[in-house]
Structures are given as C-alpha cells and as structure tokens.
Amino acid sequence: AQSVTQPDARVTVSEGASLQLRCKYSYSATPYLFWYVQYPRQGLQLLLKYYSGDPVVQGVNSFEAEFSKSNSSFHLQKASVHWSDSAVYFCALSRRGSALGRLHFGAGTQLIVIP
Amino acid sequence: EAAVTQSPRNKVAVTGGKVTLSCNQTNNHNNMYWYRQDTGHGLRLIHYSYGAGSTEKGDIPDGYKASRPSQENFSLILELATPSQTSVYFCASGDGDWGGSYEQYFGPGTRLTVL
C-alpha cells in the first residue's frame, strides 16, 4: 500500500519569508512524486515532479522540492514567498509501472501569505 | 492547448434526484479519473477509465456510476443524490505508463450541493 502525509493543515508566513511545506510518503519502492497547487475556485495545477536523478527538482514560479529516500520525504520549498502564493498545496505519489498512473494525494496544506 | 473542461461548474440538486456531471478532455489521454475533494481528505478517487467503454471503481464508488462513451468524454452519475455527496468534484486525464508521463491534468471542478 502507499500513502502520502502532509502534517501541516495550514501554514502562515509573511511575504518575503522562506517557505517549506512538508510531505512524507509511505511506499516500498521509489515512487514518482508530485506537488500540485490549487488556487481558490480552480482545479489543480502541476508545480513540479520527481521521476529520478537529481533529488532537487525545480518547478514553476521558483518553487523547488527535494526528494529524500532515506527520510521518505519530498518537501516543497521557496526562498521568498509572495502574497499570490496563497493557495492549497497537494503532495501526490504514483507507483512506477502503473498503466493507470493513479495519484495518491495527501490531505493538502493551506498556505496563507500575510502581506 | 490541451485542456480538461467540466460542466456544470455549479449544481444544486435535491435529495433523491439524478445528477450527471460531464467532463471533456482534448489531451487525447487514455485514462480519465473522477475525484471528490473534501476538507481534510485531499482528493479521493471515485471512478476511473482506461479508455472508451471502460469504467472501473476507485476507492469510494458507492452511490456513483461512471460512463466513458468516447476517448474525450467521461461522465459521473449520481442516480439518487444524497446530502453526503455535497462536495467539489474534479475530473482529470492522464496517460499513466502508456505515455511515460504520470502527470494528470485537472478540470476546474464542479461544486455540487445536494439539499
């Protein structure tokens, strides 16, 4: 079985501060990992993904994430947040070799950026 | 531009009524998915499809049916709607292992309220 845990339901930061959103996964092998963002009243948009190779992956809008096999984690980071980054962020996992490619989502972390 | 569209965007239904949510994708993806989003649960998979004519149960299929009449279209059907089905529903498309990319592309969502 596989699962994704986002331990922080809500994170509040000031504009210009750095950010880390945590994601832990449970899976017996190395998964494919994703971060999606959901702005109010919109669908999910892909921020970044990890398939293999360099454990630090770059995404859109200056977000990056680091894969750690030893810690079973895929934390999302940003050096300096903007008020427009306020949204809900989802971490997701997919099993390699799956024809369906289904995603297993965490519960999401709501990010609030204070101007 | 590849896209996933959903209709209606908002729906108010009465208990016991029939509701059909529609989804169309222009990505030419084999796989399509229906999720519901509820606070604290992230996205949960209701039904999915590998292609035209196929539908499979996801993690929470009770009370829902699905129909995939063509590559582009995937519907979610609530034969007897109940208040517990009040939620936001997302459709997504993707290719899983078929295309080597496990990304899913999401529609904007349908907000369903069952009174």
Side-chain angles (χ1 to χ4, degrees), chain A residues 1-10 21-27 29-52 57 59-60 67 74 87-110, chain B residues 1-7 9-10 21 23-25 27 29-51 54-61 68 88-111:
Chain A
Q2 52 281 311
S3 65
V4 176
T5 301
Q6 294 179 248
D8 304 308
R10 178 180 292 185
L21 301 183
R22 296 183 292 164
C23 173
K24 298 275 287 186
Y25 68 88
S26 174
Y27 183 52
T30 300
Y32 295 132
L33 293 161
F34 305 83
W35 276 99
Y36 282 85
V37 61
Q38 183 184 30
Y39 298 105
R41 303 280 176 156
Q42 295 186 28
L44 278 69
Q45 303 171 34
L46 183 68
L47 268 182
L48 48 78
K49 61 190 177 188
Y50 173 78
Y51 286 178
S52 65
V57 291
V60 300
F67 168 67
F74 189 55
V88 180
Y89 292 79
F90 292 97
C91 182
L93 168 160
S94 184
R95 292 189 297 117
R96 294 171 183 265
S98 165
L100 178 63
R102 68 163 292 176
L103 293 174
H104 300 266
F105 286 91
T109 297
Q110 182 179 13
Chain B
E1 183 179 323
V4 179
T5 56
Q6 295 181 231
S7 63
R9 292 295 311 277
N10 294 281
L21 308 183
C23 177
N24 177 276
Q25 56 113 351
N27 302 321
H29 288 150
N30 288 314
N31 301 336
M32 295 187 74
Y33 317 81
W34 275 107
Y35 297 93
R36 64 177 283 175
Q37 181 182 27
D38 303 287
T39 303
H41 287 97
L43 276 74
R44 293 181 289 175
L45 184 64
I46 306 170
H47 282 286
Y48 59 92
S49 168
Y50 287 108
S54 98
T55 62
E56 303 288 341
K57 295 180 180 179
D59 296 330
I60 52 165
R68 182 89 181 268
V88 181
Y89 292 85
F90 288 97
C91 176
S93 73
D95 260 346
D97 202 46
W98 301 106
S101 170
Y102 286 64
E103 296 174 39
Q104 290 183 19
Y105 297 81
F106 287 81
T110 294
R111 187 172 296 270

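Just so it is clear: chains get the letters A, B, ... in the order the sequence lines come, proteins before strands, and each one is counted from 1. Since the model is a prediction, treat every value here as computed from it, not as a measurement.
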Partners meeting salt bridge (charged side-chain N to carboxylate O under 4.0 Å, His left out) with Arg111(B) (sequence neighbours left out): none

Which atoms of Leu46(A) approach chain B - backbone, side chain, both or neither, heavy atom under 4.5 Å: side chain

Region of Gln38(A) in contact with chain B, defined by heavy-atom distances below 4.5 Å: side chain

Under 4.5 Å from any heavy atom of chain A - which part of Gln37(B): side chain

Residues which pass ring pair (Phe, Tyr, Trp, His ring centres under 6.0 Å) with His29(B), listed by chain and number, not counting sequence neighbours: Tyr105(B)

Option that, when pairs with chain A are counted at under 4.5 Å, heavy atom only, ranks first among Asp59(B), Thr39(B), Val88(B): Asp59(B)

Shortest non-hydrogen contact from Tyr102(B) toward Ser94(A): CD2-OG, 3.0 Å

Heavy-atom pair of closest approach, residues Gly43(A) and Phe90(B): CA-CE2, 3.5 Å

Step-by-step side-chain contact (heavy atoms from CB on, under 4.5 Å) determination, Leu103(A) to Leu43(B): CA-CA 9 Å; Leu103(A) 293 174; Leu43(B) 276 74; over 6 Å; no

Interatomic distance, Tyr36(A) atom OH to Glu103(B) atom CD [nearest 0.5 angstrom]: 6.0 Å

Positions in residues 3-10 of chain A that reach chain B, provided some heavy atom is under 4.5 Å away: none

Distance (rounded to the nearest 0.5 Å) between Gln42(A) CD and Phe106(B) CZ: 14.0 Å

Residue list, salt bridge (charged side-chain N to carboxylate O under 4.0 Å, His left out) with Lys24(A), at least two apart or on another chain: none

